[in-house]
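Labels below follow one simple rule: chain letters A, B, ... track the order of the sequence lines, proteins then strands, and each chain is numbered from 1.
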Amino acid sequence: MSIIENHETVGTPFCSNPKLSARDVGVFYGDKQAIFDVSLDIGSNEVIALIGPSGCGKSTFLRSLNRMNDTIDICRVTGEILLDGENIYDPKVDVVPLRATVGMVFQKPNPFPKSIYDNISYGPRIHGLASSRVDLDEIVERSLQRAGLWTEVKDRLHSPGTGLSGGQQQRLCIARTIAVEPEVILMDEPCSALDPIATAKIEELIDELRENYTIAIVTHSMQQAARVSQRTAYFHLGQLIEVNNTDMVFTTPEHQLTEAYITGRFG
Amino acid sequence: MTYSTLLIAVLIALGGAYLLGRNRARTLSSQGIKMHSLATHYGALVALWTTLPPLLILLLWALLEPRVIDLILTAQLPDSIRAGGEAEIRLALSKVYNLANDSDLMGQQGLLGPVAEHLQALQARVTLLRGGVIMSLLLLGGALTWRRIQPDLRARSEVEGIVRILLFASSAIAVLTTLGILASVLFESILFFQKVPVTEFLFGTSWSPQVALRADQSGSSGSFGAVPLFTGTLLISAIAMAIAVPVGLMAAIYLSEYATPRVRQLAKPALEVLAGIPTVVYGFFAALTVAPVIRGLGESMGLEVSSESALAAGLVMGIMIIPFVSSLSDDVINAVPQSLRDGSYGLGATRSETIRQVVIPAALPGIVGAVMLAVSRAIGETMIVAMAAGLAANLTANPLDSVTTVTVQIVTLLVGDQEFDSPKTLAAFALGLVLFVVTLALNYVALKIVQKYREQYD
Amino acid sequence: MTDSAMSTRAKVEKSMKKRRAAESRFRTYGLLSVLFGVLCLVVLFGNIFSKGFSAFSQTVLTTTIHLDTDYLGVTATSDPQELRNADYEGLIKQYLKDTYEPSGRRERRDLYGMVSVGAAWQLQDMVLENPSLLGQTIHINMTMDDDVDQWFKHDRGTANEALRFSEQQLVWLHDWVDSGALHGRFNTIFFTNGDSREPELAGIRGAITGTFLTLLVTFLLSFPIGVSAAIYLEEFAPKNRLTEIVEININNLAAVPSITFGLLGLAIFINIFGVSRSTPLVGGLVLTLMTLPTIIISGRAAIKAVPPSIREAALGLGASKMQVVFHHVLPLALPGMLTGTIIGMAQALGETAPLLMIGMIAFVVDVPGFINDPSTVLPVQIFLWSDSPERAFTERTSGAIMVLLGFLILMNTAAVMLRRRLERRW
Ligand SMILES: Nc1ncnc2c1ncn2[C@@H]1O[C@H](COP(=O)(O)OP(=O)(O)OP(=O)(O)O)[C@@H](O)[C@H]1O
Ligand SMILES: [Mg+2]
């Protein structure tokens, strides 16, 4: 375990055009520290995959990127996270525009108990993004189309979102997120509750979204990481062990812990 | 022997029988006989058979004795009294009881003297008989069961069978209570509706049960149009709800979504205390403090306010119901999964947007259920309105006026001396029927909604 | 596309001012609601306490009075019946007349009216207890009329003081105060007397005894029945339609207005079964039915909380279902059941409406001795007094409420402590 104690992230954690950059980030739940000194850049328009064994802090790190951790009373974050060079933990920063800019999709699909239309239009409405009803209709249609859900639901826009299948619900949640036109999308195991076909659809979607968005995705599936991401970061017990181009991580991992994990020796 | 001595005798017998039964079983097994059950089971069996039958008989006896004695005495009353009808017989009987039980009065003979003397003799005999019957039942039950103690007696299963029946009977009491309430209000209501047409009761707009039009006509001793009571009840309940629902709901929201743990720890018990205050205390507060204040305020604004205004009663009732609404809403709001809140926060919604547009809509069925339960409480609340609302059956929607409610009228009609079978007394039961049916329906639907809602997020 | 994204951020920033205001408004409403609730509590308690505090003191006049054997017509050797019937009231009047020399009938009446009729009973009690006092001059703290009591406590020296008293009366009153003869002391009468038409003689002993007897009946019936029903429903009842109906029924019954239980008591217990009206027995029966749902519901929760491992372990040892329940589950669930029962009893303690239906509203002077004596209960006593016009009764009503709240706080504290102990165990 000595490797862990005085560890330094191996690989290339930094990049030239970062959208988000974390510097020495630590996260605490009460007295318990869940993330240790993580420094990592997430480049513009790239998909970065966060992998690692269960409980290593992937979700915790991801949630600290748009301050979702603020909703947990006992949670505390140290270090800095810069969005376009601005520290999001600065006391002056309001979480509302931050979260509108850095959207999030959760592990379990969580559509609101409202109609499909209202689910999508919720974000634009609260943020005042649409100037008219027509505008709103357009946003809803565009978001559903980009999430690949339009043809499936266009005839039942006013039926409840909870009535959709699991895969459709998750795409609805993605559509809901992109309806706000964020710049970054954080996805926490978006496919873990889905079957392979639904998963394939979402992966396809991520690939398309990359054009316009920066995406950080937590996944337990190394195949998925390999398929959708350009870079991969490997976490272990709250520490960032290795960051590299995805091909490299899966073919020639630098760190022995990474190698152990991807070859299935633990995790 | 009096009832209390008999009860004590039964209790002693219970202990004695248990010991005797257990010891006999022990003796048998110490002789090397293999018993089917433990010695304690035999003890319990003897104890049960010794005490249960006498207890049952004693209960029946207590119920029937007064009736039978009344019948016997009635037969002995002078014809002149018996000819006077039920009310007169009752009066005479109660005089007889007074005479017989008070040695000072016994001297003043009069018409009822012989009957009272007979009653004294009767009471002495009945008491003796009762004691005899109960004691022999005790002995008989004990002896018979004691003799049944044999190695192959399945004492345990028999005891468990009896206990099971007792347990079942206990839970049946709850159902019997509902049936009892229904039966008691239904029968008297039917009598009432024979005298006053249902339609007049439900749709009539004039309520003045106290006014006798013609003394000799029992059916027309007043008018029984209950609409003013229904509207009065609704008016006061509406005022109460207008306070309790927003305040209770917002308090629940604040405490569960905004307050720091410390504030929560202090404020929650404070609200719970508000819920534990007896309604008679609220009534006193409403009548002596709130009503005069409201009246004073109204008059200073040039309004005419009744000293028993619906507003005062409704306001205080609202205060009483706040903790009820807030604790039910608290449960309901906490049942909304965190993932929905996360979804909303993840899109950049503020706290209040999340609460108003995600949490409350998601919790709506539960909140509706809670509000329905609160309405049922407001409708059935008695003391506050009995003390702070009036008796005047005004058909009005003005909260500054005095109105009366269903519960106030039930209390007024039934407190004090009642004439049996007078429409006045029976009307109270008809009102009780309406109250029971309406609140039961509200509760039933509300509980169903809440239950469905809970299952949705389980 | 970056363009439109930038504009998202700008639009959101633009909307923030309004939204922040809405947020703080909403938050303020919430805070105000909580404060309103707490304020109501404070006002209610403050109101009752400020009104009721003075009920615990009683105004008395300290004097010396000669127990004139000639006037009373009895001596220390007279038999108790004679001692009881002697004219103590007349003696007091005689004494007052001789001491203060009122002129004219009107003044005499005013003077006599300032002393409570209870003062004569005080004398009577003293003599009966110790007949050798007869013929001596004794010290006595005479109970004063409620008007004097209220004047002394509230109106003295204010503009209101002439409202109820004549000038001469005020002169006497001020003289008494100045000489220290008229003073307040702890109101024992309030705790030792039953109800009375005279406010200064009215006490809550009868009501408290009635409450105690009623709750005793309620507890003795509702606890065993409630626990048995909870055990049956949780452990033995087959999961079928009938059981479901029983469950729904119990939940509904818990929310039925209490006044309907009074109707049941009147129609069934009194009119059909012939239980006597106004007694703790019939009150206890009605309150039993009313508290049963609470006890059953909390009892079931307590049984559910017993870990199944305990049941399985006992069953594994070959115990019968009944033995498991009575030897293992019940002892563990009992504190929880007791907590529920105490809460149910606290509800019953404050209950008024159903008891009005079954005649517990009667004016009862005597302290009840047994569950079959006519009696009233504390909340009903409060209701009765609150209706009386005398100011002294308002004060006593508040005093009685303070006692009632005291009992409630005691019971709820007991329940909370029991629950704490329970939580510590698992
Ligand atoms: N709300 C919380 N309160 C306290 N501790 C928490 C909380 N959430 C997470 N933790 C702890 O923080 C550590 C990291 O948890 P996290 O959920 O980030 O792991 P993860 O890598 O996402 O795991 P998984 O792959 O199972 O989702 C864990 O040890 C967990 O127990
Ligand atoms: Mg996770």
Side-chain angles (χ1 to χ4, degrees), chain A residues 17 19-20 43-46 66-67 70-71 83-86 88 90-104 120-132 135-136 138-139 142-143 145-146 176-185 208-215, chain C residues 1-42 244 247-248 251-252 254-255 297 301 304-305 307-309 336 339 412 415-417 419-426:
Chain A
N17 57 341
K19 184 76 190 167
L20 273 168
S44 294
N45 294 31
E46 77 167 350
N66 71 343
R67 293 186 50 178
D70 288 12
T71 59
L83 172 66
D84 292 327
E86 200 185 333
I88 63 170
D90 190 290
K92 285 199 292 284
V93 168
D94 192 329
V95 293
V96 169
L98 167 69
R99 288 185 193 146
T101 315
V102 185
M104 186 151 198
I120 308 291
S121 63
Y122 177 73
R125 268 193 306 108
I126 57 173
H127 293 307
L129 299 183
S131 47
S132 65
D135 224 5
L136 200 58
E138 207 176 292
I139 293 178
R142 196 173 58 226
S143 310
Q145 255 163 358
R146 276 157 85 190
R176 185 172 77 184
T177 306
I178 52 187
V180 181
E181 299 276 359
E183 294 161 33
V184 184
I185 301 178
E208 285 165 22
L209 291 175
R210 183 162 69 93
E211 247 181 71
N212 303 317
Y213 304 97
T214 302
I215 296 173
Chain C
M1 218 60 205
T2 320
D3 240 30
S4 124
M6 285 304 289
S7 84
T8 290
R9 207 158 163 178
K11 279 180 189 165
V12 173
E13 291 286 4
K14 218 181 85 197
S15 72
M16 281 321 290
K17 201 172 150 205
K18 237 170 86 188
R19 292 167 72 187
R20 277 198 203 105
E23 173 73 18
S24 73
R25 225 177 311 136
F26 189 76
R27 196 191 164 106
T28 313
Y29 291 152
L31 184 60
L32 286 179
S33 298
V34 174
L35 287 181
F36 179 75
V38 175
L39 184 76
C40 287
L41 187 69
V42 172
E244 201 184 316
E247 282 177 6
I248 292 176
N251 289 333
N252 278 316
I297 291 170
K304 265 207 195 97
S309 56
T339 312
N412 283 305
V416 168
M417 269 159 53
R419 194 180 299 154
R420 289 251 171 82
R421 265 189 59 183
L422 188 80
E423 274 163 4
R424 220 171 293 153
R425 205 151 87 212
W426 288 313

A:Glu86 atom CD: more than 12 heavy-atom contacts under 6.0 Å: no

Side chain / backbone / both / neither for A:Ile126 at chain C, heavy atoms under 4.5 Å: both

Interatomic distance, A:His127 atom NE2 to C:Met16 atom CE [nearest 0.5 angstrom]: 9.0 Å

Validation row: A:Asp84, C:Arg9 side chains within 4.5 angstrom (heavy atoms): yes

Minimum heavy-atom distance A:Ala100-C:Val12, with the two atoms named: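 Residues A:Ala100 and C:Val12, closest heavy atoms: CB-CG2, 3.8 Å.
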
C:Lys11 versus A:Leu129, closest heavy-atom pair with distance: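 What the structure gives for the nearest pair is NZ-O, 3.3 Å.
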
Pairs of heavy atoms under 4.5 Å with chain A: top-ranked of C:Lys14, C:Arg19, C:Lys18: C:Arg19

